[in-house]
Amino acid sequence: MTDANRASRPGRTPRTRRARRERGAQESLTSIALVLEAIMFFFPMLVVFGKHTLAPGWAFGGGIGAMIVLALASRLTGSRAGVWFGWLLQAAILATGFIEPFMFVVGLVFLVLWVFCVVKGGQLDRQNAARRAAAGD
């Protein structure tokens, strides 16, 4: 039975969708950066396993755990605490360079991406707020 059929029944009110919360540029960009990092973490996990740097349980458990934490953190970037948690995760990713040295390079690339997302996203949010204020919204 479709929503249209349910709404046409006597005594029933039609369902309405909740309005989606508008996301700012900083929230969107930092969320995308964390999801990219979560996807990327699959490959260092395989490298650490393949080079026998860590035991298989630690390599896969740590890699999958990091991917889950990064993916969940991407949902928190709408708050100030979520952005600070993202900074903490950037430091943690850099620290994985002590396990696999190439991760210093990868961590630095993602740190630069994170800084860009935070700075540019904030600029875009301020510009959009000024534009809305000028338009009278």
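Hydrogens, waters and symmetry mates are skipped; everything else that's a heavy atom, side chains included, is used.
Counting only heavy atoms from C-beta outward, the side chains of F102 and V47 never approach each other to under 4.5 Å. Contact of the M40 side chain with the V106 side chain is registered, since non-hydrogen atoms from C-beta on lie closer than 4.5 Å. When side chains are defined from C-beta on, L34 does not count as touching F110, because their heavy atoms never get closer than 4.5 Å.
One hydrophobic cluster, built from ILVMFWY side chains closer than 4.5 Å, holds both L111 and I93. Follow the hydrophobic side-chain contacts under 4.5 Å out from I39 and you never reach V105; the two are in separate clusters.
Cluster partners of V48 are L54, W58, I99, counting Ile, Leu, Val, Met, Phe, Trp and Tyr whose side-chain heavy atoms approach within less than 4.5 Å, directly or via other members. Residues near F116 contribute nothing to a hydrophobic cluster around it, because no ILVMFWY side-chain heavy atom sits closer than 4.5 Å to its side chain.
Sorted by first and then second residue, the side chain to side chain donor-acceptor pair (under 3.5 Å) pairs involving residues 84-94 (not counting sequence neighbours) are E37-Q90. For residues 112-124, no pair satisfies salt bridge (charged side-chain N to carboxylate O under 4.0 Å, His left out), with sequence neighbours left out. Sequence neighbours left out, not one pair with a member in residues 22-47 passes ring-ring contact (aromatic ring centres under 6.0 Å, His included). Within the structure, no pair that satisfies the salt bridge (charged side-chain N to carboxylate O under 4.0 Å, His left out) test touches residues 53-64, not counting sequence neighbours. Each salt bridge (charged side-chain N to carboxylate O under 4.0 Å, His left out) pair with one or both residues in residues 55-65, not counting sequence neighbours, would appear here, but there are none. Sorted by first and then second residue, the salt bridge (charged side-chain N to carboxylate O under 4.0 Å, His left out) pairs with a member in residues 52-73 form an empty list; sequence neighbours excluded.
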- prompt: Yes or no on side-chain contact (heavy atoms from CB on, under 4.5 Å) for W114 and V83, after CA distance, side-chain angles and deciding distance?
  reply: CA-CA 10 Å; W114 180 260; V83 174; 4.2 Å; yes
Compile the donor-acceptor pairs under 3.5 Å between side chains in residues 66-78 and protein atoms, sequence neighbours left out, one pair per line.
residue	atom	partner	partner atom	Å
S74	OG	A71	O	2.5
T77	OG1	E27	O	3.2
T77	OG1	S74	O	3.3

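When all heavy atoms are compared, the tightest approach of S31 to R23 is CB-NH2, 3.5 Å. Between A33 and L113 the shortest heavy-atom distance is CB-CD2, 4.0 Å.
In this structure, the side-chain hydrogen bond (donor to acceptor under 3.5 Å, both in side chains) partners of R131, at least two apart in sequence or on a different chain, are N128. Remark: F104 pairs with F98 by the ring pair (Phe, Tyr, Trp, His ring centres under 6.0 Å) rule, at least two apart or across chains. A search for salt bridge (Lys or Arg N to Asp or Glu O under 4.0 Å) contacts involving K51 returns E100, not counting sequence neighbours.
Note: T96 OG1 to M45 CE = 13.5 Å, rounded to the nearest 0.5 Å.
Using a distance-only test at 3.5 Å, with no hydrogens or angles considered, a donor-acceptor pair links the side chain of D125 to the main chain of A25.
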